[in-house]
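Heads up: the structure comes next, in structure tokens.
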Amino acid sequence: QVQLVESGGGSVQAGGSLRLSCSVSRRVRSNYVVAWFRQAPESEREGVAAIPGTSEEIQYADSVKGRFTISLDSPKNEVYLQMDSLKPEDTAMYYCAARPIFYAGSYFDHHKYIYWGQGTQVTVSS
């Protein structure tokens, strides 16, 4: 069993920055993938960024490339999402999720993830 707890959400003006943290209850080993998803009201849950335990083959959604950075601090069992140049369309509930790396399919297929945090709200005003 893996437990995930997100923190760091809040309200910010457009152009600002936030850093989300995902505390993982056990070490993120090379055979796991941790990802950030977001969901706005009446919208589908979408993948934002994903990082395998090896920190190789990091992936980003096109909508956040160049603005968001995902990173893994293995000794602390923390996964971070640094969000810069925030836009109003980034407003959503952000979730941290984890799954075994050997599951087939895209890192951004939320159906493949078996462990989820409770979410943290990000609101960007114009």
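- In terms of heavy-atom proximity, Arg99 sits nearest to Tyr32 at O-CD2, 3.3 Å.
- In this structure, the side chains of Asp109 and Tyr103 stay at 4.5 Å or more apart for every pair of heavy atoms.
- Taking hydrophobic clusters as Ile, Leu, Val, Met, Phe, Trp and Tyr residues chained together by side-chain heavy-atom distances below 4.5 Å, Val48 shares a cluster with Val124.
- The two atoms that bring Ser126 and Pro88 nearest to each other are CB-CG, 3.9 Å, heavy atoms only.
- At most 12 heavy atoms of other shown residues, nucleotides or ligands fall within 6.0 angstrom of atom CD in Glu57.
- Taking hydrophobic clusters as Ile, Leu, Val, Met, Phe, Trp and Tyr residues chained together by side-chain heavy-atom distances below 4.5 Å, Ile70 shares a cluster with Val2.
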**Asked** Can Gln82 and Tyr80 be said to form a side-chain contact (heavy atoms from CB on, under 4.5 Å), step by step?
**Response** CA-CA 6 Å; Gln82 177 66 40; Tyr80 304 108; over 6 Å; no
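- Considering only heavy atoms from C-beta on, Ser21 stays 4.5 Å or farther from Lys76 through its side chain.
- Remark: Asn77 CG to Ser23 OG distance equals 7.0 Å, nearest 0.5 Å.
- If you chain together hydrophobic residues whose side chains sit under 4.5 Å apart, Leu81 and Tyr113 never meet in one group.
- Taking the six-membered ring where the residue is Trp, Phe108 and Phe37 present perpendicular rings, their angle passing 60° and hence far from 30°.
- Proximity of Thr120 to Ser7: side-chain heavy atoms (C-beta onward) are nowhere separated by under 4.5 Å.
- In this structure, His110 and Trp116 have side chains that are in contact, with non-hydrogen atoms separated by less than 4.5 Å.
- What you find for Gln118 and Leu4 is that their closest heavy atoms are OE1-O, 3.9 Å.
- Two residues are said to be in side-chain contact when any heavy atoms from C-beta on lie closer than 4.5 Å; Tyr115 and Gln1 meet this criterion.
- The two residues Gly47 and Ala61 come nearest to each other via the heavy atoms O-CB, 3.4 Å.
- Trp36 is not listed as a side-chain neighbour of Met83, based on a closest heavy-atom distance of 4.5 Å or more.
- Each of Tyr95 and Leu20 belongs to its own hydrophobic cluster when Ile, Leu, Val, Met, Phe, Trp and Tyr are linked at side-chain heavy-atom distances under 4.5 angstrom.
- Looking at every heavy atom in both residues, Ala40 comes nearest to Ala92 through N-CB, 3.8 Å.
- In the hydrophobic clustering of this structure, Ile114 groups with Ile51; members are Ile, Leu, Val, Met, Phe, Trp, Tyr whose side-chain heavy atoms approach within less than 4.5 Å, directly or through other members.
- Checked for salt-bridge contact, Asp90 and Lys87 miss the test: no charged N lies under 4.0 Å from a carboxylate O.
- By the 4.5 Å heavy-atom criterion applied to side chains, Leu86 and Gln13 are not counted as neighbours.
- Here Ser55 contributes atom OG and Asp73 contributes atom CG; the two are 9.5 Å apart, rounded to the nearest 0.5 Å.
- For Glu89, the CD atom counts as densely surrounded, since its 6.0 Å shell holds more than 12 non-hydrogen atoms of other residues, nucleotides or ligands.
- Arg38 is listed as a side-chain neighbour of Val64, based on a closest heavy-atom distance under 4.5 Å.
- The shortest non-hydrogen separation linking Tyr60 to Thr69 is OH-CA, 3.3 Å.
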